[in-house]
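In what follows, every chain begins at residue 1, and chains take the letters A, B, ... in the order their sequences are listed.
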Amino acid sequence: MKSAVAATVTTALPAQPQHGAARAKVGEEKNKEADGDDRVILHFDYDCFYASVIENAHPALRTRPLGVRQKSILATCNYVARTRGVRKLMPVAQARAACPDLVVVCGEDLAPFRDASRRLWAFLRGAVAGARTERLGLDEVFLDVTAAVVYNRALLNPNALRDSFFHLSAEDPERGFTFDATRFAGCVHPPPDGQGEQHAGAGAAVLDDPVRVRLMLASHLAGYLRRRLEEDFGYTSSGGISTNKVLAKLVGSVNKPRNQTTLLPVQGENTIQEFLDAHQIREIPGIGSRTSSIIADHLFPPGKAVRAGHQEPEQQTPSGITVRDVLRYPDMSPALLSRILDRPGAERGGGKKIWNLLHGRDASEVKEAGVAPTQISVEDTYMARPLNTLPEALRELSVLATSLVRRMRADLTTAAEELTDPSSAGSAGLPLGTQQKRRWLAYPKTLRLSTCAHPGKSGSVSSTSNPSFSRISRSQPLPSFALDLGRPCAEVAERLVREALLPLFRRLHVGRAAGWNLALLNVCVANMVPVAGDGSSGSGGGAGGRDISRMFRTQGERLREWSAWDDDATTTTTTTTTMMSSPSLSPPRDRNDLFDGKAEGGAVANGGSEEKNDVEDAGSASAETELWAVDDGDSDSDVGWEDEDGDSVAQQRCAACGHVVPTFAMSAHERFHAMGD
DNA sequence: CTGGGAAATT
DNA sequence: AATTTCC
Ligand SMILES: Nc1ccn([C@H]2C[C@H](O)[C@@H](COP(=O)(O)OP(=O)(O)OP(=O)(O)O)O2)c(=O)n1
Ligand SMILES: [Mn+2]
């Protein structure tokens, strides 16, 4: 609250002569509402992520319609299933009706997905020096690659654009890749004339349009990173390239599976607004179902006029209102939006924020995620048979607490190296085989228990956008014994139940000894305090190998690496010709030294955590045989991975189950054997 | 027969 | 402690 100086946004801008390539003063970000094209942001969204994790562990499933189930809905499904009418978040019964031979795998334990997500994130975060990375959920990553792109723009050689080299580090000239700077990688959004809707590779970049050149460079960077994710890790993704987070994410969904799209403003056209106008407001990241329906109800009151003509009883979330509908509404303005959305508990600058999103403006920074989570929770639902008696509740609390303690140890501790060895700053230094002493990276201060009562059988209101019933929660300080690493998880968990969770439970349901009809329990630790000497964002679950980017973690240092070229970028428009690095260095085409395929977060004892992924087959009774039958088709089971190239993928045979698995996926496959069964 | 989370904001 | 957003 110290200097709310620039809070009012008006800010006359008399003296801001810099144009185009002016880099952002990183310290302040609030009042720069100017063009908003001073950054370059990449967004990655892994394709059908949970399903991809399962497929990498069981490659035979790749060619089959696959759904990943949590209780009675499918969290996601692969693209084979989608062509057969299966959709994300679809009830299992409905999915099976649409696709009788759907293979259904249980995905209630998120550990495998969390683990895969972390390995991909560790790669992305070490891949581009000076870039900041932000994770959103398990399968999305934003990268702010402005510094690297500006640097590489300065090094472009106009006389040899086709043989350009993209530097991933200013310090190690060999780190990078070759690319053709006369074209974009992947798709561009408004599709260039003549080209079909889908394909791009779009036209030569005009060298004097700095934004266009930066986006061109970024498209190649995104393409390179996506190729690494696919070839080295086995995960395809969709990429979006633009100048802020909301646009990068939105445009990435234009060409969905295994593709990427760059939002490329066309001179003299209102490219960005036209792109946004056609979207349903609910589709804009940051405008959720709640906001969306409030706006819709205000513009088209339910009792009155007919909406646009097409309001079929189907149409779940989108609600039919487009960005254009909102912006064309009489007297629409940030202030009007604020009034519409105003209500107790509403967000402070809500109207203005929504207004900006509707215009594609998003000044929010890509926030570097700390290695340690700020919250860990474990939950289970009991829709089929709600909890009503104390023994039941205690049993479930015990299960959840055990799982929570295990996760605390996995995600909040690291191998304790220390002990008179400061030389570990540089690189690896793995304590081989020594007893796994671990120490806390951060410890939680708060324990919270949440419950949720069953909605009730008498068909209460199930409006599409409200939670069927509200959660209630109580919290208390986390007892210190919960941090004792010397005791078994189960023992700590039992004590946690008796001394903390049960009291919390009684506070939640005062005066009722039974008959709560609970449909959900959630146990959560939060309020993490970083352990001194480590910093919450320091080392931890990151890649074990050398990670150059770690040296540029702070903002000041981040800019320093690229800064020599950043400064004169504006003045020297075409004088960079002599700075070309030799493309003959030719980057390592095949193998990436950042990837050593080791397990990372799951170092802590993990054995038989709960259930492995059970496979069910709808059509036939032979559930198990579907998965483990090796002989069915060695030849055809991997067809999907030879799609475009015609190159075959290196494969190995799993010693445990005999299955043929691509080399890159072998470590994931083996992890599945280790997990259960 | 409608998951299992994580984060920001108030 | 609750709501809302995101996946
Ligand atoms: N309401 C949601 C949304 C997502 N997820 C999980 C399952 C997804 O696999 C993963 C990623 O979410 P996405 O929306 O990106 O969906 P997918 O990656 O599965 O599919 P797509 O290829 O459309 O990105 O997060 C979930 O459990 N519940
Ligand atoms: Mn995804």
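Comparing dG3(B), dA6(B), dA2(C) against the side chain of Gln70(A) picks out dG3(B) as the nearest. Candidate nucleotides dA7(B), dG5(B), dA2(C) were compared by shortest atom distance to the side chain of Gln375(A), and dA7(B) ranks first. Among the nucleotides dA8(B), dT10(B), dA2(C), the one closest to any side-chain atom of Lys367(A) is dA8(B). Distances were taken from every side-chain heavy atom of Ser289(A) (C-beta onward) to each of dT2(B), dA1(C), dT5(C); the shortest belongs to dT5(C). Checking dA1(C), dC6(C), dT5(C) against the side-chain heavy atoms of Arg507(A) singles out dA1(C) as nearest. Closest to the side chain of Asp380(A), out of dG4(B), dT2(B), dA6(B), is dG4(B).
Note on Ser470(A): a side-chain N or O is less than 4.0 Å away from OP1 or OP2 of dT3(C). Checking the phosphate oxygens (OP1, OP2) of dT10(B), no side-chain nitrogen or oxygen of Arg343(A) falls inside 4.0 Å. Dashed line: the shortest gap from a side-chain N or O of Ser72(A) to OP1 or OP2 of dG3(B) is under 4.0 Å. Remark: Lys249(A) is in phosphate contact with dC7(C), judged by side-chain N or O atoms under 4.0 Å from OP1 or OP2. At the phosphate of dC6(C), OP1 or OP2 sits under 4.0 Å from a side-chain N or O atom of Arg282(A). Remark: Lys71(A) is in phosphate contact with dG4(B), judged by side-chain N or O atoms under 4.0 Å from OP1 or OP2. At least one side-chain nitrogen or oxygen of Thr374(A) sits closer than 4.0 Å to the OP1 or OP2 atom of dA7(B). For Thr291(A), a side-chain nitrogen or oxygen approaches OP1 or OP2 of dT5(C) to under 4.0 Å.
At the heavy-atom level, Pro285(A) lies under 4.0 Å from the strands shown only through sugar-phosphate atoms. When heavy atoms are screened at a 4.0 angstrom cut-off, Arg474(A) is found touching the sugar-phosphate backbone but no base atom. When heavy atoms are screened at a 4.0 angstrom cut-off, Arg385(A) is found touching no nucleic acid atom at all.
By the 4.5 Å heavy-atom criterion applied to side chains, Leu250(A) and Leu276(A) are counted as neighbours. The shortest distance between side-chain heavy atoms of Asn78(A) and Cys48(A) falls below 4.5 Å.
Judged by closest nucleotide on DNA chain B, Pro91(A) is the one of Gly345(A) and Pro91(A) placed further toward the 5' end. Closest-nucleotide positions on DNA chain B for Gly349(A) and Cys524(A) were compared, and the one nearer the 5' end corresponds to Cys524(A).
Note: CD (Glu379(A)) to C1' (dT2(B)) measures 12 Å, nearest angstrom. Distance CG (Leu110(A)) to P (dC6(C)): 20 Å, rounded to an integer number of Å. One interatomic measurement links the two molecules: CZ of Arg448(A) to C1' of dA1(C), which rounds to 8 Å at whole-angstrom precision. Rounded to an integer number of Å, the gap from CD1 of Ile284(A) to P of dT5(C) is 14 Å. Counting to the nearest Å, the C1' atom of dG4(B) and the CZ atom of Arg114(A) are 9 Å from each other. The nearest whole Å value for the distance from the CE atom in Met528(A) to the C1' atom in dA6(B) is 11 Å. The CZ atom of Phe142(A) sits 13 Å away from the C1' atom of dT5(C) (whole-angstrom rounding). Going from atom CD1 of Ile287(A) over to atom P of dC6(C) covers 8 Å, rounded to whole Å.
Between the side chains of Thr389(A) and Glu392(A), at least one donor N or O sits under 3.5 Å from an acceptor N or O. Side-chain contact annotation: Ser117(A) with Arg135(A), donor-acceptor N/O pair under 3.5 Å present. Of the N and O atoms on the side chains of Arg82(A) and Tyr79(A), at least one donor lies less than 3.5 Å from an acceptor on the other residue. Ser242(A) and His43(A) are not linked by any side-chain donor-acceptor pair at a separation below 3.5 angstrom, with hydrogens and angles left out of the test.
Note: Phe44(A) and Phe142(A) fail the aromatic proximity criterion, with ring centroids not under 6.0 Å apart.
The P atoms of dC7(C) and dT2(B) are separated by 23 Å, rounded to the nearest whole Å.
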